[in-house]
Amino acid sequence: MPERQDLERRTTELLQRLIRFNTVNPPGNEQAAQEFLRGLLEGAGFECELLAAVEGRPNLVAKLRGASDGPSLCLLGHVDTVLADPSDWSVDPWSGELRDGCVWGRGALDMKSQVAAEVAAAVALSQEGWRPESGELMLVLTADEEAGAEHGARWLCEQQTEKVRCDMVVNEGAGEVFEFDGRRIYSVCVAEKGVFRFTLSTHGRAGHASIPRIGDNALTKMASVLDALREPVPAYELSPEPEAFLRAMGLDTSDLDGALHEVAERDPRVAVLLEPMLGVTLAPTMMRASEKINVIPARAELGVDCRVPPELGEEHALARIREVLGEDGYDLDFRETVVGNRSPIDTALMRHIRSFVEREDPGAEVTPMVLPGFSDSRWFRDAFPDCIAYGFFPQTTMDLFEAAPLIHGADERIPVSDLGLASAFYAELAVEVLQ
Ligand SMILES: [Zn+2]
């Protein structure tokens, strides 16, 4: 097993290097970063392939095979990032500067850090002569995650299926510690919510704005809709992941309203993050009406980003929307519908995560969670129904509440000690799973 300090140094240097490749998506431009990573992994003995759906934006698939058949463990990551406005930052977002014990730059959390930790672990193991006894260790480093994965994980899983077939995936989505009521809790992302975005429209009759009553204003009809969306959570619903999550926090799961109320009183930050796990959420984000200021609009439109618990479809979403908005007075069109999916909770992979956390942070809790957003794990679960896909990147120096606002935000950074911790986790996991 590689030394922790060695992994920390390797991961830190690699992360600094990766941040210096500008892979802001769009346009992504991941080629140079991917070729650099291929060089590292090939040099350490991995079989590597760059697979591109479009020119200049390859995905990297690297494999280290064992002597016999067995399970395949895939360490997954994306190398593209969201944009950064340098004028908001205290350092150059593409400098990878080391300051105050942290590496700074766009991607330091989401998720060049995890890519660096995974690659550093894989390279260190292989250079020390380790090989899987059975099965194979895979690294799948994708392009285009931040813009929907059309050229990345989605394309790989749908169009290059055999190249990325695997039994276990460890991806992004969770792992930063948080404290609640004296407990230290690490979460593992085992499921992703579905996306059911819709346009809601109200209707009236156009007319000259100088004589307001001559028309029938579709825009003012939005007032009651917006008012109803102020408290946008329909009835809470329990599913296996939030149930386990509430238990890990020491809360009673038979009274969800009571439990959430208790959490909000003790730490509102936890309540804000917990609530989306407990059902359908509705967030109005876009609006349009008249094209001209002197014309009363005959039609107004509201864009609503609606997220639905895993495995539930349009019918369920619609029932919850009607609960909040009533039946009448508007039309509704879904314009994007993706059903969320989940992996089982009680698996060997979860036991490995628990035992790692127990060694690193004795007495801490490990709990499954549902990601309110979306990650590449979804495509792997869809393509390979038996594949267990989890998000876990352990962080203990920087907690969840410190990390969350930095993701996609200014001054994104990560403590060097967390880089060593994460890389040690990936190295230990590979050795334990592929023995
Ligand atoms: Zn990400």
Side-chain angles (χ1 to χ4, degrees), residues 11 14-15 18-19 21-30 33-34 37 57-60 74-84 93-94 96 103-119 139-157 164 169-176 187-195 273 276 305 307 338 340-341 343 369-382 389-395 398 400 402-414 418-419 422-423 425-426:
T11 306
L14 182 51
L15 173 58
L18 288 177
I19 286 171
F21 292 100
N22 182 330
T23 54
V24 170
N25 181 12
N29 210 1
E30 296 93 343
Q34 297 285 51
L37 290 168
R57 307 196 61 189
N59 301 279
L60 173 59
C74 168
L75 303 179
L76 181 62
H78 63 84
V79 300
D80 61 318
T81 69
V82 294
L83 52 74
W94 296 281
V103 177
W104 296 59
R106 177 54 85 222
L109 290 165
D110 182 14
M111 66 175 288
K112 287 178 171 172
S113 47
Q114 184 168 343
V115 169
E118 291 171 345
V119 172
L139 281 91
V140 176
L141 306 174
T142 68
D144 198 30
E145 193 272 347
E146 297 290 0
E150 192 192 340
H151 307 308
R154 181 176 189 174
W155 176 78
L156 284 172
C157 288
V164 294
V169 167
V170 180
N171 182 28
E172 64 177 338
E176 309 98 324
S187 49
V188 180
C189 172
V190 305
E192 263 88 9
K193 287 179 84 176
V195 180
L273 297 174
D305 193 339
R307 307 293 177 118
V338 182
N341 60 17
S343 292
M369 67 162 287
V370 181
L371 194 70
F374 204 82
S375 85
D376 279 342
S377 299
R378 205 195 156 275
W379 310 114
F380 281 80
R381 292 194 199 104
D382 252 13
Y390 289 166
F392 190 67
F393 178 74
Q395 272 187 263
M398 180 181 271
L400 177 63
E402 229 182 312
L406 299 177
I407 293 175
H408 294 202
D411 287 343
E412 186 178 355
R413 60 190 180 275
I414 187 166
D418 281 343
L419 294 174
S423 193
F425 166 68
Y426 298 118

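Numbering starts at 1 and runs along the sequence shown. Numbering of ligands and ligand atoms starts at 1, following listing order.
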Practice problem: Report the protein N/O/S neighbours of the Zn ion (ligand 1) that fall below 2.8 Å; do not count waters. | Solution: H78 NE2, D110 OD1, E172 OE1, E172 OE2
Quiz item: More than 12 heavy atoms of other residues, nucleotides or ligands under 6.0 Å from CD of E150: is that the case?
Solution: no
Quiz item: Are any non-hydrogen side-chain atoms of R307 and P276 less than 4.5 angstrom apart?
Solution: no
Quiz item: Taking side chain as C-beta onward, heavy atoms only, is M398 less than 4.5 Å from R413?
Solution: yes
Quiz prompt | Distance-only side-chain donor-acceptor flag, N171 / H78, under 3.5 Å | solution = no
Quiz item: How far apart are the closest heavy atoms of Q395 and E176, and which atoms are they?
Solution: OE1-CG, 3.3 Å
Practice problem: Report yes if the side chains of V79 and F21 come closer than 4.5 Å at any heavy-atom pair, otherwise no. | Solution: no
